[in-house]
Amino acid sequence: MFRIEGKDKDSNARAGRILTGHGEIATPIFMPVGTQGTVKGILQHDLENDIKAQIILGNTYHLYLRPGTKLIEKAGGLHKFISWRKPILTDSGGFQVFSLAENRKLTDEGAVFKSHIDGSRHIFTPENTVDIQRSIGADIMMALDECTPWPCEYDYAKKSLALTHQWLDRAITHFNETEPFYGHNQFLFPIVQGSTFDDLRKISAEKIASCNMEGNAIGGLSVGEPAEEMYRIIEIVNKILPVEKPRYLMGVGTPANLLEAIALGIDMFDCVMPTRNGRNGMLFTSQGTINIRNNKWSEDLDPIDPAGPSEVSRTYSKAYLRHLVMSGEHLGAQIASIHNLAFYLQLVSDAKQKILEGEFYKWKNSMTKKLSERL
RNA sequence: GGGGAGAUACCAAAGCGGCCAACUGGGGCAGACUGUAAAUCUGCUGGCUAAUGCCUUCGUAGGUUCGAAUCCUGCUCUCCCCA
C-alpha cells in the first residue's frame, strides 16, 4: 500500500506513494480539509486542477449529522455524492470529542454527543464510527480516539490514552469483521495519543505499531503546545512507528511545521489553516505570510504571487484581492483559499523533489526562515 | 411670506446639568486562527503619554451655573409643512 521511493540523506524525510482504491497519492502530501463534503468555498474542479489536491478530508461527525449516511449511501458513497474521484480520508469524530467538549460525555462505550445543530443526543462508538466511515466510503478511515487538550494533567492523559487504546482494539476488531460498501479498498489508521508526555507517547506508539495497520497517525498535537514540544514528540513517536508505513500527523500545520515534520519522517498532513486563514485574509507565500487586509496592499496591482502556485495567484492583483476581502465578497475568500491550498500542495511537492535529490534538509532550513516572515 | 424640526467625532446615530473624550452601528486600522459549531473572533479608532494623567472637542458667538454636548440669547446653515 505504501512504497518508499527515496530518502533524504541528512534527515528522516522520505518520499513515497500510497496506493488507495481511488488512485495513488504522492507523499509527502497535504490534504485539504473538506469537513462537510466540501473544501469550503472551492469547486472540486479547482481542487483537482488548479490546486492539484490528491486527497481530501471529510468528517464523520459532521457528515453523519448532516446529510446523514442514508443519503450518502443512496448516492453511492461520498465520492459520488460530491463528485470527487480521488481519495478521501475521513476523521472519525475524535477531534470533535476535543472541540465540542462541552457537548459530549465520554464513557467506556463511546462518546455521547449533543448535536451542535439541534441538540439531539447521539453516541459515537469505535464500532459505529467504522460503520459510518464504511457508508461514507472513505479510502482511509480513522479510529475513534480522544484528542486531549493542552495543557493536560498527566493522570488525565494516561486515563484518556487507555480509553483511546481500548477503543482502538474494538475499532480494529469491527473493521476486520466488516466489508467495504462500494467495492474499493478501505484502510483504518490508528492514532497515537499521550499528550506531551514522553512515556505515554512511547507506550502509545508501541501499541499503535503493534496493530500493524496500513498506516499510522499521530494526533493530539498542535492543540496549543509550543512547536518545539510538538517536534520533540514527533521524533519520539517516529522512532517507534514502522518506517515502512505512512505516517500521518493530524491537524498540522503552518508551512514551517510541515517542513520540520517531514524532516522527522512524517508523510501526510491536514490542516484548516490554508482555508480558514485564507478566508480571513491571510496568504501564504514562499517569501512569508501576507495579511491582505493591511493597508499597505491597497494599491499593489502586482499579482498575489507572480511565480505563484495557482492560476489565481498569477492572475489577480493584491489590490483586487484586498478589495474583495475588505468588501466581504465571497470571491475573495475563494481566491485566497485556492492560492493557499495551491501553495501548500506546491510546498510538499517541492519537498518531495528535494528528498528525491537528497537535498531536503538543507533546503528545508533555508525555507523555514522565509516562510515565517511577515510581509 | 408663515409655522415647525434640527445641527454631536470619518459616516449614521444616542446622550438632554456633574457618573461624557461622549452609548451603539457602520467604516477604518491592527491582531488571532493548526484532525473547521469560524466567510469567524478580539483590540484600537480627538491630541500628547510607557502608564496614572493632562490638553482641545458636541454648528457659531455670547450668557447662566461651583460645573454645560445638555439651560438661555443672538447669528449661520439644513430639513419638513402651509402660502
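As the structure is a computational prediction, the values presented were derived from the model and not from experiment. These numbers come from the heavy atoms of this one structure, side chains and all, not from hydrogens, waters or symmetry mates. Here is the naming used below: chain letters follow the sequence lines, and residue numbers restart at 1 for every chain.
For the pair A/L341 CG and B/A39 C1', the computed distance is 15 Å after rounding to whole Å. To the nearest angstrom, P of B/A38 lies 11 Å from CG of A/N59. In this structure, CD of A/Q133 is placed 12 Å from C1' of B/G35, rounded to the nearest angstrom. Taking atom CD on A/Q36 and atom P on B/A37, their separation rounds to 9 Å, with Å as the unit. Remark: P of B/A39 and CG of A/L321 are 17 Å apart, rounded to the nearest angstrom. Computed from coordinates, the A/E225 CD to B/G35 P distance equals 12 Å when rounded to whole Å. Protein atom CG of A/L65 is 11 Å distant from nucleotide atom P of B/A37, rounded to whole Å. For A/H62 and B/A38, the NE2 to C1' distance is 11 Å, given to the nearest whole Å.
Contacts of A/E102 with the nucleic acid, taken as non-hydrogen atoms under 4.0 Å apart, include base atoms. A/N103 comes within contact range of at least one nucleobase, with a heavy-atom separation under 4.0 Å. Using a 4.0 Å heavy-atom criterion, one finds that A/G224 contacts no nucleic acid atom at all. At the heavy-atom level, A/L249 lies nowhere under 4.0 Å from the strands shown.
Both distances falling under 3.5 Å, in either a Watson-Crick or a G-U wobble arrangement, place B/U40 opposite B/A32. The base-pairing partner of B/G67, taking Watson-Crick or G-U wobble contacts with both distances under 3.5 Å, does not exist among the strands shown. B/G1 is paired with B/C82 under the Watson-Crick or G-U wobble criterion, all donor-acceptor distances under 3.5 Å. B/A12 and B/U24 make up a base pair, with Watson-Crick or G-U wobble contacts both under 3.5 Å. Pairing for B/G6 goes to B/C77, judged as Watson-Crick or G-U wobble with the two contacts each under 3.5 Å.
Taking the side chain as every heavy atom from C-beta outward, A/Q186 and A/E179 never approach each other to under 4.5 Å. Contact of the A/Y248 side chain with the A/D270 side chain is registered, since non-hydrogen atoms from C-beta on lie closer than 4.5 Å. In this structure, A/I290 and A/K318 have side chains that are in contact, with non-hydrogen atoms separated by less than 4.5 Å. A 4.5 Å side-chain heavy-atom check between A/H22 and A/W84 finds every atom pair outside the cut-off. Side chains of A/Q353 and A/W363 form no contact here, defined as non-hydrogen atoms less than 4.5 Å apart. The side-chain heavy atoms of A/D169 and A/K207, taken from C-beta on, include a pair separated by under 4.5 Å.
Using P as the reference atom, B/G59 and B/U70 are 8 Å apart when rounded to the nearest Å. Taking the C1' atom of each, B/G6 and B/C58 are spaced 14 Å apart, rounded to whole Å. Distance check on atom C1': B/A69 versus B/A21 gives 11 Å, rounded to whole Å. Straight-line distance between the C1' atoms of B/C80 and B/A32: roughly 49 Å, to the nearest whole Å. Distance check on atom P: B/C44 versus B/A7 gives 29 Å, rounded to whole Å. Comparing B/A61 with B/U8, their P atoms sit 16 Å apart, to the nearest whole Å. Spacing between B/G2 and B/U57 at atom C1', rounded to whole Å, works out to 37 Å. Taking atom P in both B/A14 and B/C71, one finds a spacing of 15 Å when rounded to whole Å.
Contacts classified as ring-ring contact (aromatic ring centres under 6.0 Å, His included) and involving residues 29-60 of chain A (residues at least two apart or in different chains) are given here: A/F30-A/Y344.
Distance check: A/T289 OG1 to A/Q287 CD gives 11.5 Å after rounding to the nearest 0.5 Å.
A sub-4.0 Å separation between OP1 or OP2 of B/U36 and a side-chain N or O of A/T275 is absent. For A/Q96 and B/U36, the shortest distance from a side-chain N or O to OP1 or OP2 is below 4.0 Å.
Side chain of A/D139 to main chain of A/I88: a donor-acceptor pair is present (N/O by atom type, distance under 3.5 Å, no hydrogens or angles).
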For nucleotides 44-47 of chain B, tabulate all protein N/O to nucleotide N/O atom pairs closer than 3.5 Å, reporting atom names and distance.
none

Q. Which letters describe nucleotides 26-34 of chain B, given B = protein heavy atom under 4.0 Å from base, S = only from sugar-phosphate, - = neither?
A. ---SBBBBB

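There is no side-chain donor-acceptor pair under 3.5 Å between A/S337 and A/H339.
Considering A/D267, A/N216, A/N212 as possible partners of A/K245, the one that fulfils the side-chain hydrogen bond (donor to acceptor under 3.5 Å, both in side chains) test is A/N212.
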